[in-house]
Amino acid sequence: MYTGRFAPTPSGRLHLGSLLSAAGAYLRALSLGGTCLLRLEDLDRPRCRPEYAAGIRADLQALGFAFPEPVLVQSEDLEPYAQAVQKLLASGKAFVCACSRRQIRERPCPCRERHLSYKKGRAVRLDCSEAPRDFYDVRLGHIHLPLLPDSLILKRSDNIYSYNLACVIDDLRQGVTEVVRGSDLISSTPLQVYLYQLLGKQPPAFVHLPLITAKGGGKLSKQNHARPVLDELKPAEACLLALKLLGQDSSGLAGLKPGQIWPEAAKRFDLKAIPRTDIELADAS
Ligand code: GLU
């Protein structure tokens with residue numbers, strides 16, 4: 001059974017880039033007779049606030065997405081991440097790191113050889129020297145990343161579990177068979193595949209979607225003040241725009257309610273019609 005997911009970080013309201021990821025993941029799942037789950041990746045506090053999570057959920061509902069309940073909220077149960085960190089430490093591939101952020105930027109981390117014991121204020125990192133540099137994207141084909149970091153943070157010194165760790169653990173426990181997400185995460189994918197290998201699990205399939213960029217390049221994101229999509233457009237207009245940007249046939253869908261648009265669009269969903277390059281928005285700012 002196909003299981004996909006949309007996993008926003010609630011650090012602001014839903015912007016057009018996130019809507020594209022939601023639409024891509026949702027349509028792909030519906031078109032294959034599967035399900036698309038929602039997961040709120042809210043571990044990075046205080047960047048993520050409960051009011052943003054509520055805002056994103058309200059936006060998604062207004063946009064006609066119907067995600068099955070219960071929704072996984074990462075901050076509600078940290079135990080699965082703690083267990084995975086223990087397992088990776090026990091395997092010898094993860095290690096305790098006492099470097100400051102500045103030291104990490106300025107020189108290679110020497111902690112792998114130091115065999116430090118874990119205590120508060122220390123981070124846990126994963127040695128990535130043996131991580132794969134290649135993976136297969138269902139839409140883009142073979143992807144090779146020549147440069148990967150030497151190590152990957154699993155748990156930060158401020159006690160926060162990393163995106164990559166939590167993402168893999170949750171995709172596993174939610175039974176996700178295919179991950180559809182933005183191309184900004186392409187560089188994370190081989191590291192996540194490596195985590196699956198170390199945990200003795202099969203990775204899901206991966207599909208990366210084009211990013212929306214502001215005119216002249218540059219990612220459109222919550223950080224560079226992309227506006228909440230529903231501040232700019234009515235929900236049905238936003239759905240039709242997302243379909244258009246994803247290269248999908250939206251003929252005859254104008255006039256439908258958002259909740260009716262997705263099932264209709266899923267019947268004609270064409271993965272190959274999605275642009276292969278990033279989408280430059282003339283009026284983005
Ligand atoms: N939470 C991530 C974000 O909002 C997406 C994670 C993923 O889809 O793997 O950028």
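Numbers here simply count residues along the sequence, with the first being 1. On a predicted model such as this, the values are computed, not experimentally measured, just so you know. Numbering of ligands and ligand atoms starts at 1, following listing order.
- Of all the heavy atoms of Y163, the ones lying under 4.0 Å from any atom of ligand 1 belong exclusively to the side chain.
- Contacts with ligand 1 closer than 4.0 Å are made by no heavy atom of V179, backbone or side chain.
- With a 4.0 Å cut-off on non-hydrogen atoms, C167 touches ligand 1 through its side chain and not its backbone.
- Contact of the C99 side chain with the E106 side chain is not registered, since no non-hydrogen atoms from C-beta on lie closer than 4.5 Å.
- Checked for salt-bridge contact, R39 and D171 meet the test: a charged N lies under 4.0 Å from a carboxylate O.
- Considering backbone and side-chain N/O of T9, one or more are found under 3.5 Å from N/O of ligand 1.
- A salt bridge between R57 and E69 is present, with a side-chain N of the basic residue lying under 4.0 Å from a carboxylate O of the acidic one.
- Atoms of ligand 1 lying under 4.0 Å from any heavy atom of P8, numbered from 1 in the order shown and given with element: 1 (N), 4 (O).
- Between Y26 and F67, a ring centre-to-centre spacing shorter than 6.0 Å is recorded.
- Listed by number with element, the atoms of ligand 1 under 4.0 Å from a non-hydrogen atom of R5 are 7 (C), 8 (O), 9 (O).
- The residues D158 and R156 are annotated as salt-bridged, a charged nitrogen and a carboxylate oxygen being separated by less than 4.0 angstrom.
- Under a 4.0 Å criterion applied to the non-hydrogen atoms of E41, ligand 1 contributes the atoms 1 (N), 2 (C), 5 (C), 6 (C).
- Ion pairing between K93 and E130 holds under the 4.0 Å rule for side-chain N and carboxylate O.
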